[in-house]
Amino acid sequence: METLLLDSNTWLLVLTGAGVSAESGVPTFRGMNGLWEDQPVEQVASPEGFAKDPLRVWRFYSQRRAGAAGVSPNPGHDALVSWERHLGDRFLLATQNVDGLHSRAGSQRVVEMHGNLFKTRCSNDECQRAPFEDTTVYAAGTVPGCKDCGSLLRPHIVWFGEYLDPADLERIQNFSLRAASSGGRFVFLAAGTSGAVYPAAGMVDQVRGAGGETWLVNLDPAENSRRFEHSVQGKSGEVLPKLGR
Ligand code: BV8
């Protein structure tokens, strides 16, 4: 297997998807037994779906919150922690995952692009109440209300058709600009993602446009596999610990 040299000249931007948490027992979205198999995505991960049936959306996210609370990081998460410790501020992890496992493994330089299962916020954008930590697994049939304004509370998750937090995108962009202009080697590695969802799936093109090197570590071919120069097929929990040196 090729190895990824993590030397003092390397800047590394990592993007992870559901596949990195699969070996921890967290279901992925697409493919066999995927989350979207029996939950039409537009009904459980969109503002329209929430407006139409908040009970169904809360049941979906409460089940995932309970599931994610009961699992642990795997060697793939641990490898990314060691890479961060080795590279310091020349490392950034952008994750599409909302299970919080990267932080639980010890990753600190993490951007949770699609939110976090253990955060809840008021669905009323005018309400002043900030998103808050929430480990409550709401019983089926319960939709929590905001104690400040009485509106429904919602998972602090980026749904389809919703914009990602501009601050998150800016942090990724700024890191990429610094890496590309550092005179060092700018590497982008995507792991455990089908490359189906934007803007995350477009990151590989941005890095290539900036002259960076691109790697994909995935169990199956991803939708955007052809856009990566290096591709290692396999389980991230097995590949990542051996890949970086
Ligand atoms: C937005 C909610 C502006 C959180 C999610 C450009 C072109 C086309 C469409 C668009 C575009 N720009 C925007 C869009 C629309 C849309 C989009 O991308 N649609 C797609 C479906 C075409 N994007 C958006 O709406 C985004 N917002 O861009 O705002 C805007 C607004 C309106 C209109 C236009 C633009 C918001 C995107 C966020 C949506 N929220 N989920 C949640 O409930 O989790 S996305 C959802 O998919 C999850 O967050 C998940 O992270 C993400 C990606 O899935 P993956 O992580 O890749 O998981 P998946 O199961 O698909 O794949 C797992 C992979 O792992 C597989 O390949 C498998 O082989 C591999 N694997 C499995 N086991 C292992 C493994 N690999 C390694 N080891 C293993 N052990």
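Note that ligands are numbered from 1 as they come in the structure, with each ligand's atoms numbered from 1 the same way. Quick note: residue numbers are just sequence positions, from 1.
Within the set Asp220, Leu15, Val232, the minimum heavy-atom distance to atom 69 (O) of ligand 1 is found for Asp220. Among Ala196, Ala22, Gly17, Pro155, the residue whose heavy atom lies closest to atom 22 (C) of ligand 1 is Ala196. Among Ala190, Ser225, Ser194, the residue whose heavy atom lies closest to atom 62 (O) of ligand 1 is Ser194. The closest non-hydrogen atom to atom 57 (O) of ligand 1, taken over Asn74, Thr193, Asn116, comes from Thr193. Within the set Gly19, Gly115, Gly202, the minimum heavy-atom distance to atom 71 (N) of ligand 1 is found for Gly19. The residue from Val158, Val197, Asn97 that puts a heavy atom closest to atom 5 (C) of ligand 1 is Val158. For atom 64 (C) of ligand 1, the choice among Gly192, Ala45, Pro199 with the nearest heavy atom turns out to be Gly192.
At a 4.0 Å heavy-atom cut-off, ligand 1 touches Glu23 through the side chain alone. With a heavy-atom cut-off of 4.0 Å, Leu219 touches ligand 1 through backbone and side chain alike. Contact annotation: for Ala18 versus ligand 1, heavy atoms closer than 4.0 Å belong to both the backbone and the side chain. Within the 4.0 Å heavy-atom criterion, the part of Val98 lying near ligand 1 is the side chain and not the backbone.
Residue Gly234 has at least one heavy-atom neighbour below 4.0 Å for each of these atoms of ligand 1: 77 (C), 78 (N). Near Glu162, the atoms of ligand 1 lying under 4.0 angstrom from a non-hydrogen atom of the residue are 1 (C), 26 (C), 27 (N), 29 (O), 36 (C). Listed by number with element, the atoms of ligand 1 under 4.0 Å from a non-hydrogen atom of Ile157 are 2 (C), 4 (C). Atoms of ligand 1 found under 4.0 Å from any heavy atom of Trp159 (numbered from 1 in listed order, with element): 36 (C), 39 (C).
Between Asp134 and Arg121, no side-chain nitrogen of the basic residue sits less than 4.0 Å from a carboxylate oxygen of the acidic one, so the salt-bridge criterion is not met. Look at Glu213 and Arg185 and you find a salt bridge, because one of the NZ, NE, NH1 or NH2 atoms lies within 4.0 Å of a carboxylate O, short of that distance.
A ring-ring contact (aromatic ring centres under 6.0 Å, His included) with Phe50 holds for exactly one of Phe60, Trp159, Phe160; it is Trp159. Test Ser236, Pro75, Ser82 against Pro241 for side-chain contact (heavy atoms from CB on, under 4.5 Å) and you get one pass: Pro75.
Ligand 1 lies within reach of Arg64, whose nearest heavy atom is under 4.0 Å from it. Under a 4.0 angstrom heavy-atom cut-off, Gly161 registers as being in contact with ligand 1. Contact annotation: Gly76 has no heavy atom less than 4.0 Å from any atom of ligand 1. Residue contact annotation: Ala222 has no non-hydrogen atom under 4.0 Å from ligand 1. Look at Phe60 and you'll find every heavy atom at least 4.0 Å from all atoms of ligand 1.
More than 12 heavy atoms of other residues, nucleotides or ligands shown are found within 6.0 angstrom of CZ on Arg104. Atom CD of Glu229 is surrounded by more than 12 heavy atoms from other residues, nucleotides or ligands within 6.0 Å.
The nearest pair of heavy atoms linking Val20 to Asn74 is O-ND2, 2.8 Å.
Figure legend: cation-pi geometry between Arg171 and Phe175 absent, as NZ or CZ is not positioned both under 6.0 Å from the six-membered ring centre and within 45° of its axis. Cation-pi contact between Arg154 and Trp58: absent, since separation from the ring centre below 6.0 Å together with deviation from the ring axis within 45° is not met.
Note: Phe228 and Phe188 have parallel aromatic rings, judged against thresholds of 30 and 60 degrees for the angle between ring planes.
The closest side-chain donor-acceptor pair between Thr95 and Thr16 falls under 3.5 angstrom.
With ring centers used as reference points, Trp11 lies 6.0 Å or more from Phe91.
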